[in-house]
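Each remark here refers to the structure printed beneath this line.
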Protein chains: 2
Amino acid sequence: MTFSEENYLKTIYHLMAVSDADISTNAIAEKMETKASSVTDMLKKLAEKELVNYIKYQGVSLTEKGQLAAKMIVRKHRLWETFLVEKLDFSWDEVHDLAEQLEHIKSEKLINKLDDFLGNPTEDPHGDAIPDASGRIIKIEKQLLSEMEKNRVGICVGVKDTSSDFLKYLDKQEIALGSQIEIIEKESFDSSFRIRVETKEITISHKIASNLYIK
Amino acid sequence: MTFSEENYLKTIYHLMAVSDADISTNAIAEKMETKASSVTDMLKKLAEKELVNYIKYQGVSLTEKGQLAAKMIVRKHRLWETFLVEKLDFSWDEVHDLAEQLEHIKSEKLINKLDDFLGNPTEDPHGDAIPDASGRIIKIEKQLLSEMEKNRVGICVGVKDTSSDFLKYLDKQEIALGSQIEIIEKESFDSSFRIRVETKEITISHKIASNLYIK
DNA sequence: ATATTTTTTTAGTCTAGTCTAAAACAATTT
DNA sequence: AAATTGTTTTAGACTAGACTAAAAAAATAT
């Protein structure tokens, strides 16, 4: 499997996690910042290899085989991210691009040994689930902060957006995985939130609230 | 810099360490298991980028810039090998192919953090020197066992051949880096050696002796 | 129901890196 | 010195993966 094939599978996998319906050529092209015609070419190739179900003009979905392959790439990505943060002391906003490279290293043995070395973590530094060697995922029930009621209290367990900008903002506000968060007030005018992070009270926009997972 | 360019640079670097003279197109082709015509194409490209000095029909050598780039690839290769053996518990015969992949990961910061994590080692698991962040190499004076006199005693500090077959043979004979080795007898008929490894006496062929570095 | 717009696919082009076959050059032998 | 052999380069073809432009299909608007 080439780097490019792996990147397409991963993208389709992530899009399927959001949408249920078949994934459109354009959706893939947009997410990968490539052209629809390139996507069509690759979909044919992946269909040939029985990694996706593809019908002209009707979008794609992953086959069982494709799903497993995608999960293994996600597994690698998230284990490498964990390694970078836990062992090499990178901050959580730096690791994505590096993991994009490392996820393509081909060796089951390596990734399983890395998994053991890290103590078989079930979540990466952004709170996303790490599939195990057979593709199983332990998913925790979590909620977007934006969907929670006033006065509810919870723990920050993940982020939806993992862009460097967003993560740096969270660092600045001292919001981290594990932080206790209480909703003090919801401002109906602009949908902003007044929250308490541990002992500190701050105001966050709706956009921020809709990218924080709480449990 | 592409993977392919990096592989050519590394190959030229290794060939230069042995030969002094300019490196021939065929020598590169043979080492890389590719065709001479492909090598010519790439040499033109590398010359264009001022990474090699290349004159038609007269072979190549690395420029300063090329040398530094090559050293950085070797640095990455050897640090990753060290990581795999020291931290992930791979054996020394398994790590080469994995390091061939990992050496192409692009990030200075990553490799420097990995270096620190490993305690800034100066040698990899095969006894080869690891260039530091600026390309400096601490070279230890070492000798091939095959070039040593009878009755000399030394410590095994490296291997010349790093093939899996050879390394597995050494494991079987319980020869490792750090093993004390004494030359008991040199057999002039077949150039084989009778040696003592720590407390155990064994006979090794000339081929084996000429792939073991002793200090 | 037809026209328009959007999406998707096809057809053809480009680049990097490889290859084969042939030509050019260098080294060796006679 | 000429002929042979070996090495290196050139010329042209191929593949993967991207692209543009045009055609085809689907979705939407009139």
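Letters A, B, ... are given to chains in the order of the sequence lines, protein chains preceding strands, and every chain is numbered from 1.
Remark: T34(A) is in phosphate contact with dC19(D), judged by side-chain N or O atoms under 4.0 Å from OP1 or OP2. OP1 or OP2 of dT8(C) sits under 4.0 Å from a side-chain N or O of N26(A). Close to dT9(D), at under 4.0 Å from its OP1 or OP2, lies a side-chain N or O of T40(B).
Each of dT10(C), dT18(C), dA18(D) was ranked by its minimum atom distance to the side chain of K56(A); first place goes to dT10(C). Set against dC19(C), dA16(D), dA25(D), the side chain of Y57(A) has dA25(D) as its closest nucleotide. With dT10(D), dT10(C), dA18(D) as the choices, the nucleotide that has an atom nearest any side-chain atom of K44(B) turns out to be dT10(D). Each of dT20(D), dA16(D), dT10(D) was ranked by its minimum atom distance to the side chain of K35(A); first place goes to dT20(D). When the nucleotides dT18(C), dA16(C), dT9(C) are ranked by their closest atom to the side chain of T2(B), dA16(C) comes out on top.
A salt bridge links K150(B) to E185(B): one of the charged nitrogens lies within less than 4.0 Å of a carboxylate oxygen. Salt bridge annotation for K207(A)-D161(A): absent, with no cationic side-chain nitrogen under 4.0 angstrom from a carboxylate oxygen. No salt bridge links R78(A) with E103(A); every basic N to acidic carboxylate O contact stays at or beyond 4.0 Å.
For H126(B) and H96(B), the distance between ring centers is not under 6.0 angstrom.
In this entry the distance linking CD of Q58(A) with P of dA26(D) reads 7 Å, nearest Å. Computed from coordinates, the N7(B) CG to dA16(C) P distance equals 17 Å when rounded to whole Å.
Using a 4.0 Å heavy-atom distance criterion, T25(B) is classed as a sugar-phosphate-only contact. Using a 4.0 Å heavy-atom cutoff across all strands shown, Y8(A) reaches sugar-phosphate atoms only and no base atom. In this structure, Y54(B) reaches the sugar-phosphate backbone alone: every heavy-atom distance under 4.0 Å involves primed, P, OP1 or OP2 atoms, never a base.
Considering only residues two or more places apart in sequence or on other chains, A176(A) meets the side-chain contact (heavy atoms from CB on, under 4.5 Å) condition with S179(A).
A donor-acceptor contact under 3.5 angstrom links the side-chain atoms of S37(B) to the base of dT20(C).
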